[in-house]
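Computed over heavy atoms, backbone and side chain alike; hydrogens, waters and symmetry mates excluded. Here is the naming used below: chain letters follow the sequence lines, and residue numbers restart at 1 for every chain.
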2 protein chains.
Amino acid sequence: MTVTNDDSAQYLIRTVSKRSGVKSDLVRAWERRYQAVTPTRTSGGHRVYTDQDIARLKLLNQATSNGHSISQIAQFSLDDLKHLLKSETPSTVQATNNPLPTTRDKIHLAEDYSDKCYAAVLAFDAQKLESHFENAIVELGAESFIEHLLSPLLTKIGERWKTGELRPVHEHMTSSVIRSLTYILRNNNPCPENAPRMIVSTPIGQLHELGALLAAIMAELCGWQVTYLGANLPAEEIAAAVKYTNSCALTLSISFATDDHIVAKELRRLKKLIGNHVSLIVGGRAAGHFQPVLNEVGVMNIQSYTHFKQLLNQLAAEYRALDDNNRQ
Amino acid sequence: MTVTNDDSAQYLIRTVSKRSGVKSDLVRAWERRYQAVTPTRTSGGHRVYTDQDIARLKLLNQATSNGHSISQIAQFSLDDLKHLLKSETPSTVQATNNPLPTTRDKIHLAEDYSDKCYAAVLAFDAQKLESHFENAIVELGAESFIEHLLSPLLTKIGERWKTGELRPVHEHMTSSVIRSLTYILRNNNPCPENAPRMIVSTPIGQLHELGALLAAIMAELCGWQVTYLGANLPAEEIAAAVKYTNSCALTLSISFATDDHIVAKELRRLKKLIGNHVSLIVGGRAAGHFQPVLNEVGVMNIQSYTHFKQLLNQLAAEYRALDDNNRQ
DNA sequence: CATTTTTTGTCAATGTTTTGTAAAGGTTTG
DNA sequence: CAAACCTTTACAAAACATTGACAAAAAATG
């Protein structure tokens, strides 16, 4: 049984765009130039699409971001497209050259969205927040969404939380919305079989999960196979997860400098439990407070968004090289 | 529930509007433009609708907020519309014969999936778990998925956790996967504008969120507009969320009888903070341990899956009636 | 390697369709 | 008689369509 409905389901182009992740203009362009889809029309001339069309555009979107030329694959059947995507390595996210002219516009757009999203958070309007996020993902693309919208937004929320403009519930609500969005983001970027694995969580006592959530999403986008565990877990549990999944990296977010003892103790225990072959990465607002322990334990400390991305790619490369050697 | 296909039950447009959530003007517009409904008339010319018409408008309302174009689906049959929305809302129609999968088959299938899912949990394989869930949702439909798969699975996890077969991480991982599935489930079942609102969370000290998650999903499926806050929140925060969202119900899950004092205290504080006009619902494995407090505070205690569903529908009906009165 | 050429995503301008809402003025109902 | 309905007409915002053009990226060519 396939996911798609029969032909009775009819959508207008904006819905198709939202669901497939392809901008409306581009949907039309693909139809005009390559007949990638052939929607029926209303009496007034508006395009009307089926569920199949949406599935098709979703796959085409994935395939093109994997490097395929749209002109070559536009007329493939659904099965052909699925087959194409199965036997493929994922999109490698380049961390390098960013300051392109198009990026500037995106940054502007992202700021715009960021304001709207923050307003929704402040108003405690989960529905609106989710809606803004959805639109932003389509317009910005997953990568830019994270870098220029999500990342600064979470920083802002963290700050406002300290000043008292926001309450803890605001953060919980936001986490909840973002968590359910994970599904769309992951959908755009299926990860391969042999991807390096990572656990993301928060040590015990650390209740704020926004940072961890961001890290998890970023890692997934960089081609990692991430298992996200949520916040506030004791070292033994996290270590167990690392073993179960055979992960080669563990990322923790520490955003609040509550009790130095606990965090330090947990970090030391964790390192002992997971051993040296697993990379321990720590980030978050308050990570700096624990610098001595971080150094002692041998933690990779995240400095910035870009830094984390570099780290992710670097580690993934190392892991792949290691993996190749083992196989030979 | 049951639908009286009785022709004797006839309604005027204001009633139809209230029950379906479609404004009177719009009901007329849909009739004039697309013949979405074709009510009979009184001798004087007033429109007279049947229960079927109401059901129809309800579905059309849902479908449009789901992205379907009203002009395209206005003339669909009731069955077509139901099929379009795939997951059937319990509060609406279920009376017609289900020609496709028997309930018995579904239960069997669900058990099958349940086993697979539990195996994935045990093996700590988040990807496989998510994949099973996805397939199950498609095959079973959202409702059956929750009743016959998710609900028993979570119970099982709770039990196995107590015996030590599963660790806390297993539960965290499962929560994480289910949380990201929320997106699909919600998408299948968009809630109307005037839906009653509910907050779902877990009182401070209660770290297990699976029960709360299930409650949230069920409530959404019953037509509530749910804001899910995650676990472990102090009374003030939860109460703030209730106020922000103007919720008329609050559901808490208590699955672990840690410290009687804290939970009891939190419940009392919560009741004070939210007042009497907000329904306080409590469920979960360990809810029974707090029976005295629950009685004292005036809590509705969830007894079972079915009971919760009844409660949800009943409260929603009460709220709608109240809302109607306020508007008049 | 340097130049075209092609591909591809994006945008702008301009006109149309869709769709929810509202006002005006008459009719029915209780 | 007041409240609720009815019909018609109109309106405006959002969403679409079409055409044509542009520029970056990729590919082909010299």
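- Side-chain contact between B:Glu130 and B:Ser180: present, with at least one pair of heavy atoms (C-beta onward) separated by less than 4.5 Å.
- Protein atom CG of A:Asp25 is 13 Å distant from nucleotide atom C1' of D:dA21, rounded to whole Å.
- B:Arg47 comes within contact range of the sugar-phosphate backbone alone, with a heavy-atom separation under 4.0 Å but no base atom that close.
- With hydrogens and angles ignored, the 3.5 Å screen pairs a side-chain donor or acceptor of B:Thr42 with a backbone N or O of B:His46.
- The side chain of B:Arg41 lies closest to D:dC6 when the candidates are D:dC6, C:dG20, C:dT8.
- The A:Lys23 side chain lies nearest to C:dC11 when the options are C:dT19, C:dC11, D:dT8.
- Between A:Gly45 and A:Ile70, it is A:Ile70 whose nearest contact on DNA chain C lies nearer the 5' terminus.
- Residues A:Tyr11 and A:Asp53 have side chains not in contact (no heavy-atom distance under 4.5 Å, counting atoms from C-beta outward).
- Closest approach to the A:Ala29 side chain among C:dT10, C:dT18, D:dC5 is made by C:dT10 (side chain taken as heavy atoms from C-beta onward).
- For A:Ser71, the listed nucleotide lying nearest its side chain is C:dT8; candidates were C:dT8, C:dG9, C:dT21.
- Heavy atoms of B:Ser69 sit under 4.0 angstrom from primed sugar atoms or phosphate atoms, though from no base atom.
- Side-chain N/O atoms of B:Arg33 and base N/O atoms of C:dG20 include a donor-acceptor pair closer than 3.5 Å.
- Residue A:Tyr34 has its side chain nearest to C:dT8 when only C:dT8, C:dT10, D:dC16 are considered.
- Taking the side chain of B:Ser43 as heavy atoms from C-beta on, and the options C:dT29, C:dA22, C:dT10, the nearest nucleotide is C:dT29.
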